[in-house]
2 protein chains.
Amino acid sequence: MTISAAAQEAGVGVETIRYYERRGLIRQPPSKGGYRQYPEATIRQIRFIRESQRLGFSLTEIEELLALAAAEDTTCGDVCSATEHKLAEVRGRIATLQRLERELEEMLCAKDCTAPKRDCKLLEALSPSSPPPDGEHCCH
Amino acid sequence: MTISAAAQEAGVGVETIRYYERRGLIRQPPSKGGYRQYPEATIRQIRFIRESQRLGFSLTEIEELLALAAAEDTTCGDVCSATEHKLAEVRGRIATLQRLERELEEMLCAKDCTAPKRDCKLLEALSPSSPPPDGEHCCH
DNA sequence: CTTGACTCCGTACTACGGTACGGACCGTAT
DNA sequence: ATACGGTCCGTACCGTAGTACGGAGTCAAG
């Protein structure tokens, strides 16, 4: 299986495979006459990498997962704790985004707000050019 | 106010201010003998930029917000629609992360799982080296 | 035997938001 | 007058995950 066939199989670009190889994520395949020949196992490995990325792991973290998979004394618990770690991270990101969501909601104008900008409290709050004066505003 | 005083005031680094200037986010301050002199308005503008970043806007988007603030015919609604747009984006990201959260939860082992890796279904599912065989597994 | 497609390799470039560096210049205090 | 710290500018670099490029080599079909 040549590199382009492997790329097709694994659903990535040719350059991506070369990149994974440079990074040491997949090992050098045997080559016939200078051309890489990919075994099935490497295709599975690439699919694993993409799936892990989808789950939020970075390539560096995936490197560690692969090291776990390669080590003799790895237990299932090792993998679980890596997963738990990532889960905590994802939950943290969700919490941050939800705080932002609330802040944006609070900032948001009523839909019928068509007042010119100098009457817009939101824009004034954002505006760098002048400190907000007092008075009536179209949104809050 | 020199650049380092301005940086202190605004809570950013000196290089950050120079970077914003290069990007056109803040305008060139008047200079005394080749040294930048910052007016209060620019400090406010930098604070605005940081606040907007915190709310999830990229520098490119902030450029647009600043253009809105500068344009004569900008209405409050214009700002609101930008905010709504960003809110939708944030909600999308939350939804994606929540899907990942559920997937990670489902993958997660029981805590007392200490079986060696070859009995770990999770690791086998992840492992690139061999297709998972059948049998008993410590986690599911 | 030649053509065209594929592959090789190293290097440079993308986006993002800065950070770091180095040599020159300036302003103030001593 | 001179030392010290701040500032100037352009340029290069950080990390992440690739993507693009160019010139050379290789393979299979016609």
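Note that this is a predicted model, so its numbers are computed, not measured.
Rounded to whole Å, the distance from CD1 on B:Ile17 to C1' on D:dC9 is 16 Å. As rounded to whole Å, 17 Å separates atom C1' of C:dC16 from atom CZ of B:Phe57. Between B:Glu15 atom CD and D:dC13 atom P there is a gap of 16 Å when expressed in whole angstrom units. Between the CD atom of B:Gln8 and the P atom of D:dG6 there is a distance of 11 Å, given to the nearest Å. Rounded to whole angstrom, the span from the CD atom of B:Glu61 across to the C1' atom of C:dC16 amounts to 12 Å. The separation between A:Ile46 atom CD1 and D:dA17 atom P is 16 Å, rounded to whole Å. Between A:Lys32 atom NZ and C:dC8 atom C1' the separation is 18 Å, expressed in whole Å. Rounded to whole Å, the distance from CD on A:Glu21 to C1' on D:dA17 is 16 Å.
Counting heavy-atom neighbours within 6.0 Å of A:Gln53 CD, excluding the residue itself, gives a total above 12. Heavy atoms of other residues, nucleotides or ligands lying less than 6.0 angstrom from CD of B:Gln98 number more than 12.
The phosphate of D:dT16 (OP1 or OP2) has no side-chain N or O of A:Gln53 nearer than 4.0 angstrom. Within the structure, every side-chain polar atom (N or O) of A:Tyr20 is placed at least 4.0 Å from both OP1 and OP2 of D:dA17. Residue B:Arg36 places none of its side-chain N or O atoms closer than 4.0 Å to OP1 or OP2 of D:dT7. The shortest distance between the side-chain N/O atoms of B:Arg23 and the OP1/OP2 oxygens of C:dA15 is not below 4.0 Å. Between B:Arg50 and C:dG17, a side-chain N or O to OP1/OP2 separation shorter than 4.0 Å is absent.
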*Apply the test side-chain contact (heavy atoms from CB on, under 4.5 Å) to residues A:Arg47 and A:Glu9: give CA-CA distance (whole Å), side-chain angles for both, the deciding distance (0.1 Å), then the verdict.*
CA-CA 9 Å; A:Arg47 289 213 192 93; A:Glu9 273 299 293; 3.6 Å; yes
*Could you walk me through whether A:Val79 and B:Met107 pass the side-chain contact (heavy atoms from CB on, under 4.5 Å) test, one step at a time?*
CA-CA 10 Å; A:Val79 181; B:Met107 270 179 57; 5.9 Å; no
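Interface remark: the B:Arg18 side chain does form a donor-acceptor pair with the D:dG10 base, using a distance-only criterion of under 3.5 Å.
At a cut-off of 3.5 Å, with distance as the only test, no side-chain donor of A:Thr42 or A:Arg36 sits close to an acceptor on the other residue.
Taking the side chain of B:Ile3 as heavy atoms from C-beta on, and the options D:dG18, C:dG18, D:dC8, the nearest nucleotide is D:dC8.
Two residues, A:Thr16 and B:Ser4, neighbour DNA chain D, and the one matched to the more 5' nucleotide by heavy-atom proximity is B:Ser4. Map B:Arg22 and A:Tyr35 each onto its nearest nucleotide of DNA chain C; the residue landing nearer the 5' end is A:Tyr35.
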